[in-house]
Amino acid sequence: MAKVLLKNLTKRFGKVVAVDGVSVEAKDREFLVLLGPSGCGKTTILRCIAGLEIPDEGEVYIGDRLVNDLPPKDRDVAMVFQSYALYPHMTVYDNISFPLRMREIPASEIEERVKKVAELLQIAHLLDRKPKQLSGGEAQRVALGRAIVREPKVFLMDEPLSNLDAKLRIHMRAELKRLQRDLGITTIYVTHDQVEAMTMADKVAVLKDGKLQQVAPPDKLYSSPSNLFVAGFIGSPPMNFIDCSLVLKDEEVFLDAGAFVLKLEGTVAEILREKGATKLVIGIRPEDVSFVNKAHGKILGEVYMKEPLGAETIIDVKVGEYLVKVRERVGFKTKIGDKVWMGFPLDKLHVFDKKTGKAII
Ligand SMILES: Nc1ncnc2c1ncn2[C@@H]1O[C@H](COP(=O)(O)OP(=O)(O)O)[C@@H](O)[C@H]1O
Ligand SMILES: [Mg+2]
């Protein structure tokens with residue numbers, strides 16, 4: 001039973017602020033994913049939790065205990081790295097049992113625990129092999145086994161799937177999530193892959209330049225991104241962004257994007273009028289746009305390119321200087337060069353302040 005709580009965690013390397021005032025909590029048994037581009041401080045956060053880095057400011061709690069001054073070996077966390085870092089000269093059995101042998105646990109108990117973990121991970125038939133006789137997926141399971149066998153309070157995983165080929169990665173994604181659920185061990189998982197984050201996490205913490213951008217369950221992150229960075233980072237193809245200006249005319253509220261003007265009504269209009277920021281960015285997801293007849297159309301564009309993906313087709317529509325991506329599931333007969341009207345429900349519209357990047361709607 002252990003939550004992990006970070007309060008105002010800050011870590012500098014010389015002039016680089018790798019982690020900048022991050023506060024986030026992984027609840028007991030929760031699967032928290034730290035998501036962000038390379039260099040945003042994910043690994044440094046994990047290393048601070050493990051005790052491999054000393055924070056410059058802030059606190060790390062595991063359970064209810066402040067662990068800032070606790071050496072790594074006393075924190076009861078197990079870390080799984082991107083490079084599995086198996087001992088090449090040891091068998092799989094010896095690799096998995098290594099952390100237990102370091103603890104002077106009786107041999108009979110070690111054997112029992114290794115066997116149990118090997119069965120759980122379906123690697124019981126590999127116990128006599130050396131790491132170089134394993135496939136990438138098998139080596140990855142062994143590394144997981146070595147972490148699991150310790151029965152730690154917390155798992156820390158640093159891009160553990162990124163060395164696997166695409167198919168195996170998708171398979172292991174589900175396996176790992178299921179395993180974490182069954183074991184009920186609080187897990188903090190680092191990745192730069194938004195799909196991995198969305199599919200595995202109970203809760204995602206998005207980071208950029210060492211700063212926390214948003215913490216939310218995957219569906220909330222997707223439907224209500226709190227700023228332009230999160231909105232653009234989550235989703236593939238990403239959300240369409242179009243610059244526009246707020247225009248207030250008598251009682252009416254418009255968003256003028258040059259190539260088209262949207263008339264807004266109801267609460268959306270109220271909120272924008274109240275906020276008063278004039279330089280805005282419209283955001284709309286590719287699946288929220290549909291092709292409609294002129295009477296229902298909000299935006300006129302020209303089909304620029306079609307990208308068939310099997311179950312769906314991504315259609316790039318030229319609107320002024322922008323290419324708007326539209327996700328079409330049904331058969332789409334329109335040809336490149338055709339003029340098309342597009343519509344979307346107003347409640348799917350996102351509006352951001354261009355200057356601050358913050359979501360207004
Ligand atoms: N030991 C170190 N010495 C100097 N700079 C470091 C060190 N570790 C990380 N950094 C820097 O801190 C920032 C965050 O790194 P890291 O936590 O590895 O990011 P991520 O895991 O998100 O890719 C980067 O700018 C990186 O270059
Ligand atoms: Mg890293």
Side-chain angles (χ1 to χ4, degrees), residues 4-26 31-60 62 67-68 71-72 75 77-86 136 139-140 143-144 146-147 154-166 169 172-173 176 180 186-201 203-216 218 221 225-236 238 357:
V4 177
L5 175 63
L6 307 178
K7 276 192 186 167
N8 188 35
L9 188 71
T10 299
K11 176 69 188 174
R12 299 182 200 94
F13 295 105
K15 285 203 175 104
V16 177
V17 188
V19 182
D20 194 354
V22 168
S23 299
V24 66
E25 180 179 1
F31 197 115
L32 172 70
V33 172
L34 306 180
L35 172 69
S38 177
C40 73
K42 306 180 295 293
T43 295
T44 306
I45 293 177
L46 277 199
R47 290 175 59 82
C48 287
I49 299 170
L52 304 172
E53 299 285 356
I54 312 283
D56 290 301
E57 286 167 43
E59 286 109 51
V60 178
I62 297 175
V67 299
N68 282 44
R75 295 194 182 194
V77 302
M79 197 151 165
V80 181
F81 300 93
Q82 177 177 349
S83 56
Y84 315 125
L86 299 176
Q140 202 266 357
L144 276 174
R146 195 172 52 185
V154 177
F155 282 136
L156 303 175
M157 303 197 182
D158 195 353
E159 316 226 12
L161 304 185
S162 59
N163 280 347
L164 304 180
D165 65 54
R169 198 159 60 225
M172 282 307 294
R173 212 154 74 188
L176 197 53
Q180 189 271 345
T186 311
T187 299
I188 304 184
Y189 185 102
V190 158
T191 181
H192 64 274
D193 179 340
Q194 56 102 11
V195 178
E196 216 167 275
M198 295 292 278
T199 51
M200 296 178 84
K203 201 164 79 184
V204 184
V206 184
L207 292 147
K208 181 193 173 213
D209 301 334
K211 290 197 184 72
L212 195 60
Q213 304 293 305
Q214 186 172 6
V215 186
L221 208 59
S226 65
N227 63 34
L228 277 171
F229 178 79
V230 176
F233 200 75
I234 307 282
S236 174

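Whatever order the structure lists ligands and atoms in, that order sets their numbers, starting from 1.
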Can you tell if the side chain of V19 reaches within under 4.5 Å of the side chain of C48, non-hydrogen atoms only? no
Checking K208, K11, K211, R12 against D20 for side chain to side chain donor-acceptor pair (under 3.5 Å), the one that qualifies is K211
Does any N or O of ligand 1 fall below 3.5 Å from an N or O anywhere on F13, backbone included? no
Proximity of T44 to ligand 1 by residue part, where a heavy atom lies under 4.0 Å: both
Where is the nearest protein heavy atom to atom 18 (O) of ligand 1: which residue, which atom, and how far? T43 CB, 3.7 Å
Consider only side-chain N and O atoms of N163 and Q140, and report whether a donor and an acceptor are under 3.5 Å apart. no
For K42 and L207, the nearest pair of non-hydrogen atoms, with its separation, is CG-CD1, 4.2 Å
Applying a strict 4.0 Å limit to heavy atoms, is G36 in contact with ligand 1? no
If the cut-off is 4.0 Å to any non-hydrogen atom of A18, which atoms of ligand 1 fall inside it? 12 (O), 13 (C), 14 (C)
Would one find an N, O or S atom of T43, in either backbone or side chain, under 2.8 Å from the Mg ion (ligand 2)? yes
Which pair of heavy atoms, one from I49 and one from L6, lies closest together, and at what distance? CG1-CD2, 3.8 Å
Looking only at distance, does E53 have an N or O less than 3.5 Å from an N or O of ligand 1? no
Might you check, step by step, whether the distance between atom 26 (C) of ligand 1 and some protein heavy atom is under 4.0 Å? no
Contact summary for M172 and L164, nearest pair of heavy atoms: CG-CD1, 3.8 Å
Side chain to side chain donor-acceptor pair (under 3.5 Å) against S226, all qualifying residues, sequence neighbours excluded: Q214
Which residue owns the protein heavy atom closest to atom 19 (O) of ligand 1, what's the atom, and how far is it? G41 N, 3.2 Å
Proximal candidate to atom 20 (P) of ligand 1 [heavy atom criterion; set G210, G14, G39, P37]: G39
